[in-house]
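Below you'll find the structure, written out as structure tokens, and then a few comments.
Both backbone and side-chain heavy atoms feed into the values below; hydrogens, waters and symmetry mates do not. This is a predicted model, so every value here is computed, not measured.
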Amino acid sequence: ELDKWIFESTKIIERVPNYKNRRGNLGERIIIANPPNKKGQDTFSILWSDGENMVSFIDAPTLELALEFERTNAYAY
């Protein structure tokens, strides 16, 4: 699923292979721009992987909002 999500993105904005999450676990963090949705709006995603599987993600209408949400530590990963 992670590879498919990345393949279908319109742009990889950032990819950090040895990212330490807020719990101290190593994994991969990827920020992507998604294709426009049915309403023609762009969205952005921050994805986390444990190395093999997608563990968690954030979707937002702007990159700034996705990053702000990540900074609040309100996500599950």
Going through the distances and angles, do Ile30 and Leu2 end up as a side-chain contact (heavy atoms from CB on, under 4.5 Å)? CA-CA 10 Å; Ile30 307 157; Leu2 178 66; 4.2 Å; yes
For Asn37 and Thr43, run side-chain contact (heavy atoms from CB on, under 4.5 Å): C-alpha distance rounded to whole Å, both residues' side-chain angles, the deciding distance at 0.1 Å, then the answer. CA-CA 8 Å; Asn37 61 21; Thr43 61; 4.2 Å; yes
Any chance you could measure Trp5, atom CH2, to Ile32, atom CD1, to the nearest 0.5 Å? 6.5 Å
With sequence neighbours excluded, what pairs up with Ser45 under the side chain to side chain donor-acceptor pair (under 3.5 Å) test? Asn34, Asp59
How long is the span from the CD1 atom in Ile46 to the CD atom in Glu14, to the nearest 0.5 Å? 9.0 Å
Derivation and outcome, side-chain contact (heavy atoms from CB on, under 4.5 Å), residues Ile58 and Trp48: CA-CA 9 Å; Ile58 294 172; Trp48 294 272; 3.4 Å; yes
Could you give the distance from OG (Ser49) to CZ (Arg15), rounded to the nearest 0.5 Å? 8.5 Å
Between CG of Leu47 and OG of Ser9, what distance do you get to the nearest 0.5 Å? 8.5 Å
side-chain contact (heavy atoms from CB on, under 4.5 Å) between Ile31 and Val16, intermediate numbers included: CA-CA 9 Å; Ile31 302 175; Val16 182; over 6 Å; no
Between Ala33 and Ile13, which heavy-atom pair has the shortest distance, and what is it? N-CD1, 4.1 Å
Distance col, row Gln41:CD vs Thr62:OG1, nearest 0.5 angstrom, shows 11.5 Å
Hey, could you give me the CZ/NZ distance between Arg29 and Lys20, rounded to the nearest 0.5 Å? 15.5 Å
What one should report as the nearest heavy-atom pair of Glu70 and Tyr19 is OE2-OH, 3.9 Å
Please tell me whether Leu65 and Phe69 are part of a single hydrophobic cluster in this structure, the criterion being side-chain heavy atoms less than 4.5 Å apart. no
